[in-house]
Colleague: 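Okay, here's the structure, questions in a sec.
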Amino acid sequence: MPEKPVRVRYAPSPTGLPHVGNIRTALFNWLYARHEKGSFIVRIEDTDTARTVDGAVEVILESLRWLGLDWDEGPDKPGSFGPYRQSERLEYYKKAAEQLVAQGNAYYCYCSSERLEEMRSAQIARKEPPGYDRACRNLTLEERASRLESCQRPVIRFKAPLEGSTSFNDIIRGEVTFENRSIDDFILLKADGYPTYHLASVVDDHLMQISHIMRAEEWISSTPKHVLLYQMLGLEPPQFAHLPMILGSDRSKLSKRHGAVSITQYRDEGYLPEAMVNFLALLGWSLDDKTDIINIQTLVENFSLERIGKTAAVFNREKLEWMNGVYIRSLEVDELARQALPFLEKDLPLSVKRPLDEEYVKAVMPLIQERAKTLSEIPSLVYFFFTPDIEYPAELLIGKKMDADAALHALEATLEKLESTQAFDHDSLEQRLRPLAEELGLKAGQLFGAVRVAVTGVTVSPPLFETMMVLGRNKCLERIKQAIKKLSCRVD
RNA sequence: GGCGCAUUCGUCUAGCGGCCUAGGACACCGCCCUCUCAAGGCGGAGACCACGGGUUCGAAUCCCGUAUGCGCUACCA
């Protein structure tokens, strides 16, 4: 018997920006689909009309595209099971809810939200578990008619079984069982005609022939509700796999308090999608006991449900940063330049002429490639290559164990040496300056330090000679002269 | 409160009864390389495998309790 094709879905609700936890769920679904040569479906769960955020769908899809997670069916990619926005599928949910009412597995509820609120706070005050008191569960026809007068828009509630228990087999956690009496008569269809998540996801996962539901662990206690719905609707439930949660540094659910949470923010901060995918894949999954740099293709080839862990993971930014550095270092120089360009255009000082010279950018990139952890920090690493002038206090020119005079002499001697030659490549620079240090009775580091500040305006930079080569002879000489002027003012 | 899930270095994790005096990675510390900063190399510190009972010749690995953490408990998903 041929196995059913793998069809998995990522089902975000467009109520805000997708955060790293959501995206990790998307990634695992995608990896599984690609590994199994199945289908990856994006379904928009826009059933909460009040909380829906304009533009959120586009940001979600953009995030997936950025990471390279392509989908086979989705809101912008019609398939055989559309539409892929739940707001466009209302008739299916209504039909299912009515079927359940007709079968006696669901009922109309006329309770006002005010009454429900009062009921809940009273329950809490009495230290009872909060839940619907089932006031409308067994109404007679007459009672229903009279309630309808005061409440035009009833909801439909599920008639949860009062006895027995419901279990399901979770691929990651094994058998999980819930007592039915702990299951509320939850709402299936809201007063506005929209379904709740429970109804909508069950109906759609069936209609879209989803084979595996992979979602975050927070859904595990809702799953018995879904299993019951499948049963009452006469449907075969898909397989369940509840993924471990991703936590903030204080071990609580990820939120704005934890700083960067939305995936687009990482993109804007200059993280590479490849690094993000690699890092996220390792939050709850592992290849083996020692591999942590894994490209996406290897991920697809090796991904398996069996190697998904059970325990929640703290999102560790430091490791992400390290990993991003690894990926930046592995880039071809042209590619690094291409990716860095927008960050440079945006963050280089206003005094730098736009558009930037791409060839010049390419020449600069090798000097910072192994020093940058994110693309967004590149401008601060290289601005002195681009600015017409550099600003720094004269004191910076005076290195450790040196005084102003020594620094001045060193720079004057350097200037003289460099003016006497046109050669400005790494080796000739080194051949001139290194002996010069000795002549002056300085350590190489002392001389190079003064020249570094003169030429770049900072004490930390890429290696001096490479920097000078890229900067060019004219600019270097000019800046050294400026430095000499600065120092002589000070000496007087 | 009720229900559920989880529990290996600070963090991510390997481990699916003997290979574990618990391995790797990030971060941290030291040394080497070195013109600064990185990168790289080498080394170090860091987990009595939450705790307590079992089962077994033998347990981080199986079972039962306890504790702790997290999640759910909405006409939110």
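Residue numbering restarts at 1 for every chain, and letters A, B, ... go by the order of the sequence lines.
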Colleague: Just to be sure I understand the rule, does V155(A) reach a base, reach only the sugar-phosphate, or reach nothing, if contact means heavy atoms closer than 4.0 Å?
Modeller: base
Colleague: Classify T47(A) by what it touches in the nucleic acid, base, sugar-phosphate, or nothing, heavy-atom distance under 4.0 Å.
Modeller: sugar-phosphate
Colleague: G131(A) near the nucleic acid: base, sugar-phosphate alone, or nothing, with a heavy-atom cut-off under 4.0 Å?
Modeller: nothing
Colleague: Is there a side-chain contact between K373(A) and the phosphate of A38(B), meaning an N or O under 4.0 Å from OP1 or OP2?
Modeller: no
Colleague: Less than 3.5 Å between a donor and an acceptor, one on the side chain of K310(A) and one on the base of A6(B), is that the case here?
Modeller: no
Colleague: Among C35(B), C5(B), A77(B), which is the nearest nucleotide to the side chain of R51(A)?
Modeller: A77(B)
Colleague: Measuring only the C1' atom in each nucleotide, how far is A14(B) from G24(B)? A whole number of Å is fine.
Modeller: 7 Å
Colleague: Would you mind pulling out the nucleotide paired to G2(B), Watson-Crick or G-U wobble, both distances under 3.5 Å?
Modeller: C72(B)
Colleague: Mind checking the P distance from G10(B) to U55(B)? Whole angstroms is fine.
Modeller: 32 Å
Colleague: Describe the nucleic acid contact of K225(A) in one word from base, sugar-phosphate, nothing, applying a heavy-atom distance below 4.0 Å.
Modeller: nothing
Colleague: Can you figure out which of C75(B), C35(B), A77(B) approaches the side chain of R120(A) most closely?
Modeller: C75(B)
Colleague: Taking C49(B) as the reference, what is the distance to C62(B) when you measure between their P atoms (whole Å, please)?
Modeller: 15 Å
Colleague: So does R153(A) get a side-chain nitrogen or oxygen closer than 4.0 Å to the phosphate oxygens (OP1/OP2) of C75(B)?
Modeller: no
Colleague: Can you identify which nucleotide, out of G71(B), U11(B), A74(B), has its nearest atom closest to the N316(A) side chain?
Modeller: U11(B)
Colleague: Paired with A67(B): which nucleotide, if any, by Watson-Crick or G-U wobble criteria at under 3.5 Å for both distances?
Modeller: U7(B)
Colleague: So, are E318(A) and K373(A) salt-bridged, with charged N and O less than 4.0 Å apart?
Modeller: no
Colleague: When all nucleic acid strands are considered with a 4.0 Å heavy-atom cut-off, which category describes S286(A): base, sugar-phosphate, or nothing?
Modeller: sugar-phosphate
Colleague: For F158(A) together with Y107(A), are the ring centres under 6.0 Å from each other?
Modeller: no
Colleague: Checking all strands, does S13(A) fall into the base, sugar-phosphate, or nothing category for heavy-atom contacts under 4.0 angstrom?
Modeller: sugar-phosphate
Colleague: For RNA chain B, whose closest nucleotide is more 5', that of L282(A) or that of V326(A)?
Modeller: L282(A)
Colleague: When rounded to the nearest Å, what value does the distance between P atoms of U21(B) and G65(B) take?
Modeller: 30 Å
Colleague: Give one of base, sugar-phosphate or nothing for L464(A), where a contact means two heavy atoms less than 4.0 Å apart.
Modeller: base
Colleague: Examine distances only and state if a side-chain atom of T467(A) and a backbone atom of P462(A) form a donor-acceptor pair shorter than 3.5 Å.
Modeller: yes
Colleague: Under the 3.5 angstrom rule, does the side chain of T414(A) hit a backbone N or O of A410(A) as a donor-acceptor pair?
Modeller: yes
Colleague: Hey, which of these two, A312(A) or P463(A), hits RNA chain B nearer its 5' end, going by closest nucleotide?
Modeller: A312(A)
Colleague: Any idea which of A77(B), A39(B), C5(B) is nearest the T196(A) side chain?
Modeller: A77(B)
Colleague: Categorize Y197(A) for me: base, sugar-phosphate, or nothing, with a 4.0 angstrom heavy-atom threshold over every strand shown.
Modeller: base
Colleague: When all nucleic acid strands are considered with a 4.0 Å heavy-atom cut-off, which category describes A191(A): base, sugar-phosphate, or nothing?
Modeller: base
Colleague: Among A74(B), G15(B), C26(B), which nucleotide has an atom closest to any side-chain atom of E318(A)?
Modeller: C26(B)
Colleague: Give P462(A) one of three labels, base, sugar-phosphate or nothing, depending on what nucleic acid heavy atoms sit under 4.0 Å from its own.
Modeller: base
Colleague: What contact category does V176(A) fall into here, base, sugar-phosphate, or nothing, at under 4.0 angstrom with non-hydrogen atoms?
Modeller: sugar-phosphate
Colleague: Among side-chain atoms of Q86(A) and D204(A), is any donor-acceptor pair under 3.5 angstrom?
Modeller: yes
Colleague: Aromatic ring centroids of Y92(A) and H206(A) under 6.0 Å?
Modeller: no
Colleague: Taking 4.0 angstrom as the limit, do R43(A) and E45(A) come out as a salt bridge?
Modeller: yes
Colleague: Look at K190(A) and C76(B) and indicate whether a side-chain polar atom (N or O) is within less than 4.0 Å of OP1 or OP2.
Modeller: yes
Colleague: Can you find a donor-acceptor N/O pair under 3.5 angstrom joining the side chain of R251(A) to the base of C70(B)?
Modeller: no
Colleague: Counting only side-chain heavy atoms from C-beta out, which of C72(B), C5(B), C35(B) sits nearest to E217(A)?
Modeller: C5(B)
Colleague: Both distances below 3.5 Å, Watson-Crick or wobble geometry, any strand: find the nucleotide opposite A39(B).
Modeller: none
Colleague: With rounding to the closest Å, how many angstrom separate the C1' atoms on G46(B) and C29(B)?
Modeller: 11 Å
Colleague: Tell me whether the side-chain N/O atoms of R24(A) come closer than 4.0 Å to OP1 or OP2 in C12(B).
Modeller: no
Colleague: When you compare G23(B) with C16(B), how far apart are their P atoms, in angstrom units rounded to a whole number?
Modeller: 14 Å
Colleague: Looking only at the aromatic ring of each residue, does the gap between the centers of Y266(A) and F315(A) stay below 6.0 angstrom?
Modeller: yes
Colleague: Which listed nucleotide (C35(B), C76(B), U73(B)) is nearest to the side chain of D48(A)?
Modeller: C76(B)
Colleague: Just checking, any donor-acceptor pair under 3.5 angstrom between side chains of D288(A) and T291(A)?
Modeller: yes
Colleague: Contact class for T177(A) vs. all strands (heavy atom < 4.0 Å): base, sugar-phosphate, or nothing?
Modeller: sugar-phosphate
Colleague: The side chain of R157(A) lies closest to which of these nucleotides: C75(B), U36(B), C3(B)?
Modeller: C75(B)
Colleague: Write down the partner of C33(B) under the Watson-Crick or G-U wobble criteria, each distance required to be under 3.5 Å.
Modeller: none
Colleague: So which nucleotide from A25(B), C35(B), A39(B) ends up closest to the side chain of W322(A)?
Modeller: A25(B)
Colleague: Which part of the nucleic acid, if any, lies within reach of K319(A) when heavy atoms closer than 4.0 Å are counted: base, sugar-phosphate only, or nothing?
Modeller: base
Colleague: Looking at C35(B), C75(B), A25(B), which one has an atom nearest to any side-chain atom of R452(A)?
Modeller: C35(B)
Colleague: Please determine, for C28(B), whether a Watson-Crick or G-U wobble partner exists with both distances under 3.5 Å, and give it or none.
Modeller: G44(B)
Colleague: Looking at G40(B), I'd like to know if its phosphate oxygens (OP1 or OP2) sit under 4.0 Å from a side-chain N or O belonging to R329(A).
Modeller: yes
Colleague: Between A47(B) and A22(B), how many Å separate the two P atoms, rounded to a whole number?
Modeller: 11 Å
Colleague: Quiz question: going by heavy-atom distance under 3.5 Å, is there a donor-acceptor pair between the base of C5(B) and the side chain of R173(A)?
Modeller: no
Colleague: Pairing check on G18(B): which nucleotide meets the Watson-Crick or G-U wobble criteria with it, both distances under 3.5 Å?
Modeller: C57(B)
Colleague: Please work out if K443(A) contacts a base, only the sugar-phosphate, or nothing of the nucleic acid, heavy-atom cut-off 4.0 Å.
Modeller: nothing
